[in-house]
Number of protein chains: 2
Amino acid sequence: MPTVSSEELAAAAGVNSAKLRKDFSYLGSYGTRGVGYDVEYLVYQISRELGLTQDWPVVIVGIGNLGAALANYGGFASRGFRVAALIDADPAMAGKPVAGIPVQHTDDLEKIIQDNGVSIGVIATPAGAAQQVCDRLVAAGVTSILNFAPTVLSVPDGVDVRKVDLSIELQILAFHEQRKAGEEAMEALPDGLPAAAAAKGSADQGPDGDVPAVMPA
Amino acid sequence: MPTVSSEELAAAAGVNSAKLRKDFSYLGSYGTRGVGYDVEYLVYQISRELGLTQDWPVVIVGIGNLGAALANYGGFASRGFRVAALIDADPAMAGKPVAGIPVQHTDDLEKIIQDNGVSIGVIATPAGAAQQVCDRLVAAGVTSILNFAPTVLSVPDGVDVRKVDLSIELQILAFHEQRKAGEEAMEALPDGLPAAAAAKGSADQGPDGDVPAVMPA
DNA sequence: CCATCTTTGTGCACGCGTTCACAAAGACAT
DNA sequence: ATGTCTTTGTGAACGCGTGCACAAAGATGG
């Protein structure tokens, strides 16, 4: 039986082993003292708790470059997501297959949502169309929306929205880049930014809190 | 002179006003007591500190759907980013304009980086090519990399990498969706997940910590 | 069956960030 | 000028998450 210790996992993930064990303990006592965690069982338990074992049908609205990129993205299927439909407002796109799935017209949006029991929608339209698409998705029964359009969507209570801004990550890199460049002239700067200085040596690859939280619109 | 108070900004951003004032104070004392902050001056100071006033030439490597979507993304220019070049390994793409910029071949990668003084690279290639492209970018002088390929890149010290996984946000939505669905049957579940339960009512649209940190690969 | 060794699960303490609360500062009216 | 009123900037307290350290649990070998 293949096992891992919290120590091994912690080293691989770059976190403290005690924190990892405490996190796991919230899911239950799945480890064996003196041995570690049964890999297969642990993966299953975490997957289940995270909802990876379920089948999540999603629709992608707006099949431009980004929508097509998402439709072709291989990482969805392995995480339980199934692209149930692609929807675009351009009649010329209708019927054209993208990633093996024929694009359908916006007119049929409500029917598509209901027929497939979709509760998660992805918006990859231009900014101008996003709110309108969002409203229709919500009215049709969608309760979670992933928004790639550069607009803040307003939704009724009970609907989750997550906004993905592709330039934010780039901005974080630029922020660190600026720090690197200004390091030799650090003392010459008018003010120091403690939070940023502390994060100077961060070597992770994740979207974690290593940049000030407040930004201008 | 248009001004805003910390109270107004805090309400708009959904944070505590004291925290906002303290954050601003790290940048200097830009407010006026009894009045608030001069909007224009404040925006400038924050922009400067964040590096938005600088010109950041970036290259995008891998001009598939995603690369094209990034090249067309309007949000870059306004944040100080300038797409200096598009690079692809496919000779058939060479010369073809995407978003008004002619695609160049990978062979010229080093020269392009050096001629344009590029320090930030975006990788939108298939997973198999990512590490190789990364190595060449780093060797050519790039010190910050935004990675859209589903691979963890290894880089020497001093190089920043940020990995963007388009399915993670979707997974967070699915996690909350599962919670919503299981809410009526909450007591029937074998275990509760305190962190998730606490985040139940979160209504923000940002990638903040409202989901467990550790995940299986 | 007992001893030893490994690794988990967790109480406890420390440290950091958030929030409270207030004095200082400045605008504005009289 | 002087007083009042608003809002900043920040010292201090609070709360939460992280990390330490160890007892309990179980495997493994003699």
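Proteins get letters first, then strands, A, B, ... in listed order; numbering begins at 1 in each.
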K.L.:
Roughly how far, to the nearest 0.5 Å, is OG1 of B:Thr125 from CD1 of B:Ile87?
P.N.:
11.5 Å

K.L.:
Separation of B:Lys22 atom NZ from C:dC16 atom P, in whole Å?
P.N.:
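Going from B:Lys22 (NZ) to C:dC16 (P), I get 14 Å.
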
K.L.:
What residues form a ring-ring contact (aromatic ring centres under 6.0 Å, His included) with B:Tyr44, not counting sequence neighbours?
P.N.:
none

K.L.:
For A:Lys19 and C:dA13, give me the distance from atom NZ to atom C1', rounded to whole Å.
P.N.:
18 Å

K.L.:
Going 5' to 3' along DNA chain D, which are the first and last nucleotides with any atom under 4.0 Å from a heavy atom of chain B?
P.N.:
D:dT6 to D:dA12

K.L.:
List the steps and the verdict of side-chain hydrogen bond (donor to acceptor under 3.5 Å, both in side chains) for B:Thr151 and B:Gln131.
P.N.:
CA-CA 8 Å; B:Thr151 325; B:Gln131 183 64 55; over 6 Å; no

K.L.:
Looking only at heavy atoms, which two atoms of A:Tyr30 and A:Gln45 are closest? And how far apart?
P.N.:
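Minimum heavy-atom separation between A:Tyr30 and A:Gln45: OH-OE1, 3.1 Å.
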
K.L.:
Please tabulate, for side-chain N and O atoms in residues 66-73 of chain A, each donor-acceptor pair with protein atoms closer than 3.5 Å (sequence neighbours left out).
P.N.:
from    : atom 1 : to       : atom 2 : distance (Å)
A:Asn72 : ND2    : A:Ala68  : O      : 2.9
A:Tyr73 : OH     : B:Asp165 : OD1    : 3.1

K.L.:
For B:Ser25 and A:Ala18, find the nucleotide of DNA chain D closest to each by heavy atoms; which residue's nucleotide sits nearer the 5' end?
P.N.:
B:Ser25

K.L.:
Restricting to pairs with a member in residues 131-140 of chain B, which pass salt bridge (Lys or Arg N to Asp or Glu O under 4.0 Å), not counting sequence neighbours?
P.N.:
B:Glu110-B:Arg136

K.L.:
Who pairs with B:Phe148 by ring-ring contact (aromatic ring centres under 6.0 Å, His included), at least two apart in sequence or on another chain?
P.N.:
none

K.L.:
Contact class for A:Ser17 (heavy atom, under 4.0 Å): base, sugar-phosphate, or nothing?
P.N.:
nothing

K.L.:
Check nucleotides 26-30 of chain C against the protein and report each pair of N or O atoms closer than 3.5 Å, with its distance, or say if there are none.
P.N.:
none

K.L.:
side-chain hydrogen bond (donor to acceptor under 3.5 Å, both in side chains) for B:Arg48 and B:Thr53? Distances and angles first, verdict last.
P.N.:
CA-CA 5 Å; B:Arg48 187 181 54 77; B:Thr53 56; over 6 Å; no

K.L.:
Find the distance A:Phe24:CZ to C:dT10:C1' and express it as a whole number of Å.
P.N.:
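A:Phe24 atom CZ is separated from C:dT10 atom C1' by 16 Å.
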
